[in-house]
Number of protein chains: 2
Amino acid sequence: MQHHHASEALTKNQALVMGALSDADGPLSAYTILDRLRDDGLRAPLQVYRALDKLVEFGLVHRLESLNAFVACRHPGCDGHQFTAFMICDECGSVIEIADTALARRLTGLAQDASFILEKSTVELRGLCAACSAA
Amino acid sequence: MQHHHASEALTKNQALVMGALSDADGPLSAYTILDRLRDDGLRAPLQVYRALDKLVEFGLVHRLESLNAFVACRHPGCDGHQFTAFMICDECGSVIEIADTALARRLTGLAQDASFILEKSTVELRGLCAACSAA
DNA sequence: GAGATTGTGTAATGGTATAACGTGTGCGAT
DNA sequence: ATCGCACACGTTATACCATTACACAATCTC
């Protein structure tokens with residue numbers, strides 16, 4: 001790493017993993033990412049997981065808990081990154097990323113009511129996307 | 001099974017798993033449940049997973065996606081079971097189960113706006129519970 | 001330039017979940 | 001009554017997800 005605050009400057013492995021996720025049009029598991037990057041020199045799961053940890057920390061990637069998979073953030077740099085919600089189509093696997101202020105307020109409100117210090121929220125809606133439910 | 005519609009009548013394995021979860025005061029992983037039920041005759045993960053699938057289907061148990069673990073529902077029989085939210089303390093592991101109408105409305109509203117057919121929602125808030133944040 | 005920090009590479013392991021068999025039992029329809 | 005179906009059960013093997021532990025290199029700090 002050359003810089004202190006230039007978190008945009010990714011290391012080699014981070015850039016590779018970010019590239020794989022950006023190229024994909026849906027979520028990828030860590031092992032799928034690994035498979036796609038074997039030709040680029042990645043050999044072990046840990047190399048992928050370490051890169052993913054950092055990318056999530058940077059706000060460039062989201063982890064989808066209900067899929068054990070990862071997606072590139074659709075609007076990186078956005079605030080409210082920690083309150084992002086997802087709609088995941090069980091039919092086609094597409095993922096829609098949502099940043100909703102009212103939802104975020106309700107979640108923080110619920111936490112406050114319970115004197116709960118909220119660090120991170122996971123909101124994942126499963127069902128059928130518009131395209132698949134029309135078909 | 002003796003009855004058709006008596007979904008309250010659990011099979012042997014289902015009752016064992018339900019008992020283990022009820023006895024615990026927090027979430028348990030499937031493998032932890034298995035360990036606790038070895039003396040009762042359970043030998044393989046699949047026996048536990050099959051029982052868990054049914055218990056979740058019956059609305060007696062919730063799966064916590066961000067923990068890969070399961071908890072007994074605190075208010076079984078409640079409606080809105082599919083919109084339950086959870087606050088999970090990263091310090092002590094305690095889980096608070098929340099049924100909030102406003103939250104449920106917001107989630108269904110978001111889904112409708114996107115023409116998304118909502119089947120199930122996962123809402124898990126991570127942070128520090130009141131007791132742990134006070135300490 | 002010694003020490004702290006961070007990224008990297010590799011091997012081994014641990015934890016989570018399902019596939020693919022086959023068996024047994026209760027129950028309704030013929 | 002018995003055949004067929006649906007469903008729970010049992011076992012083995014395997015697939016999939018994630019981390020621990022150790023060693024090395026580059027960089028930043030003082």
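Here is the naming used below: chain letters follow the sequence lines, and residue numbers restart at 1 for every chain.
One atom, CD1 of B:I33, and another, C1' of C:dT16, lie 12 Å apart when rounded to the nearest Å. The distance from atom OH of B:Y49 to atom P of D:dT11 is 18 Å, rounded to the nearest whole Å. Atom NZ of A:K54 and atom P of C:dT6 are 7 Å apart (whole Å). Here C:dT8 presents its P atom at 14 Å from CG of A:D40, a figure rounded to the nearest Å. Following rounding to the nearest Å, B:L34 (CG) and D:dT11 (C1') show an atom-to-atom distance of 13 Å. Here C:dG7 presents its P atom at 11 Å from CG of A:L55, a figure rounded to the nearest Å. Rounded to whole angstrom, the span from the CG atom of A:L10 across to the P atom of C:dT6 amounts to 17 Å. With rounding to whole Å, B:L16 atom CG is found 13 Å from D:dC9 atom C1'.
Aromatic pair B:H81/B:H75: ring centres not closer than 6.0 Å. Separation of the B:H62 and B:F70 ring centroids does not fall under the 6.0 Å cut-off.
B:S94 meets the side-chain hydrogen bond (donor to acceptor under 3.5 Å, both in side chains) test with no other residue; sequence neighbours excluded.
At D:dC7, none of the side-chain N or O atoms of B:T11 fall inside 4.0 Å of OP1 or OP2 (strictly under the cut-off). Of the side-chain N and O atoms in B:N68, one or more sit less than 4.0 angstrom from OP1 or OP2 of C:dA17.
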**OP:** Give the C-alpha distance, both sets of side-chain angles, the deciding distance and a yes or no for salt bridge (Lys or Arg N to Asp or Glu O under 4.0 Å) between A:E124 and A:R126.
**Re:** CA-CA 6 Å; A:E124 298 177 15; A:R126 307 291 293 265; 5.4 Å; no
Original post:
Please walk me through it: do B:L118 and B:F83 pass side chain to side chain contact (heavy atoms under 4.5 Å, CB included)?
Top reply: CA-CA 10 Å; B:L118 183 51; B:F83 292 112; 3.5 Å; yes
**OP:** Go through the steps to decide whether B:L16 and B:I33 satisfy the test side chain to side chain contact (heavy atoms under 4.5 Å, CB included), and finish with yes or no.
**Re:** CA-CA 9 Å; B:L16 285 171; B:I33 295 170; over 6 Å; no
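The 12-atom threshold is not exceeded at CD of A:E91, counting heavy atoms of other residues, nucleotides or ligands nearer than 6.0 Å. Within a 6.0 Å sphere centred on CG of B:D39, heavy atoms belonging to other residues, nucleotides or ligands number 12 at most.
When the C1' atoms of four end pairs are superposed on the next four at each end of the helix from C:dG1-D:dC30 to C:dT30-D:dA1, using five pairs per end, the two resulting axes differ in direction by 30°, to 10°.
B:I98 has its side chain within reach of B:M87: a pair of non-hydrogen atoms, C-beta onward, lies under 4.5 Å apart.
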**OP:** Using a 4.0 Å heavy-atom cut-off, write out nucleotides 9-14 of chain C from 5' to 3' as B (base contacted by protein), S (sugar-phosphate only) or - (no contact).
**Re:** BBB---
